[in-house]
2 protein chains.
Amino acid sequence: MKPANRLNATFAALADPTRRAILARLALGEVSVMELARPFAMSQPAISKHLKVLERAGLISRGRDAQRRPCRFEPRRLKEIAEWIGTYRHFWEESFNRLDQYLEELKTKEKTRDAK
Amino acid sequence: MKPANRLNATFAALADPTRRAILARLALGEVSVMELARPFAMSQPAISKHLKVLERAGLISRGRDAQRRPCRFEPRRLKEIAEWIGTYRHFWEESFNRLDQYLEELKTKEKTRDAK
DNA sequence: AGGTTATATAACTTAATAGTTATATACAGG
DNA sequence: CCTGTATATAACTATTAAGTTATATAACCT
């Protein structure tokens, strides 16, 4: 998959609260599908579908343990989107906020001056 | 909007490459809709729809300049998802990688032993 | 007022998503 | 071999999303 498509798939997968909850659970360790499904007010096939979405997005991988298919969290794709967001980080970090504040001050001064 | 719904809307908005490209453009400064639309092989109403999605997600805001509605990038929501991802950061950072490597080594040793 | 430019909205089509129930597959264990 | 358990798939429905064209709204300019 091309990197842009990876971002599409990753973001789309993360847009669903059930899937984010699944990831949160998997961050604590491998779990089977049934175990994953239990806390949700949703059928098992629905959970299986969510898992397929997560897997195709590369956010989880699956093992084999008898008839169980334990799911494991895979951090690579989260790292990728963390890096994507990183290119915007300066917008909310200290150094930028200082510039922002400075610009705000300028604006306020202008208005004050114009009002005179 | 509740925080969970905000995450839904933000991730969904970012899942589209056109919208990510719009954000990238807006990170360089305010732009009007027509200017934004130009580089895309897409009608103006399509761009307006994307902007509405971005606006409802809180990723942009819009001003007024005569008949123009200049769009401005709003970093808050990106910051929020950066924080959400932050809770998983330890999975790909140095300290974790060392543990991961150690576990990989253990596995390899097991296999080697079993093969004997 | 009338024409032009910028943007938004309406109505529509197509395709994708999230869920359902029912069924199929695969393995485990007596 | 038979039964139960875990998971996946099929077939279906309802909702949402992304695009289109045509039209409406709003502000500028002469």
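Residue K52(A) is in sugar-phosphate contact alone, with no base atom involved, counting any heavy-atom pair closer than 4.0 Å across all strands shown.
Between the side chain of R77(A) and the main chain of A57(A), a donor-acceptor pair closer than 3.5 Å is present. Between the D65(A) side chain and the R68(A) main chain, no donor and acceptor come within less than 3.5 Å of each other. Looking at R19(A), its side chain never comes within 3.5 Å of a backbone N or O of L14(A) through a donor-acceptor pair.
Comparing V53(B) and P45(B) by the nucleotide of DNA chain D whose heavy atom lies nearest to each, the residue mapping closer to the 5' end is V53(B). Across the interface with DNA chain D, nearest-nucleotide mapping of P70(A) and K49(A) shows P70(A) to be the residue nearer the 5′ end.
Closest of all the heavy-atom pairs between A15(B) and F11(A) is CA-CB, 3.5 Å.
Whole-Å rounding puts the Q67(A) CD to dA28(C) P distance at 6 Å. In this structure, CG of L54(A) is placed 13 Å from P of dT17(C), rounded to the nearest angstrom.
Contacts between residues 6-43 of chain B and DNA chain C, counted as heavy-atom distances below 4.0 Å, involve S32(B), V33(B), M34(B).
Looking at K79(A) and E83(A), their side chains come closer than 4.5 Å, going by heavy atoms from C-beta outward.
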Show the numbers, then the answer: is there a side-chain contact (heavy atoms from CB on, under 4.5 Å) between L36(A) and L26(A)? CA-CA 9 Å; L36(A) 267 180; L26(A) 292 182; 4.2 Å; yes
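Hydrophobic clustering places M42(B) together with L51(B) (ILVMFWY residues linked when any side-chain heavy atoms are closer than 4.5 Å, directly or through intermediates).
For DNA chain D, the contact window with chain B, defined by any atom under 4.0 Å from a protein heavy atom, covers dA18(D) to dC28(D) in 5' to 3' order.
Aromatic ring centres of Y88(A) and W84(A) lie closer together than 6.0 Å.
Not one side-chain nitrogen or oxygen of H50(A) sits closer than 4.0 Å to the OP1 or OP2 atom of dT17(C).
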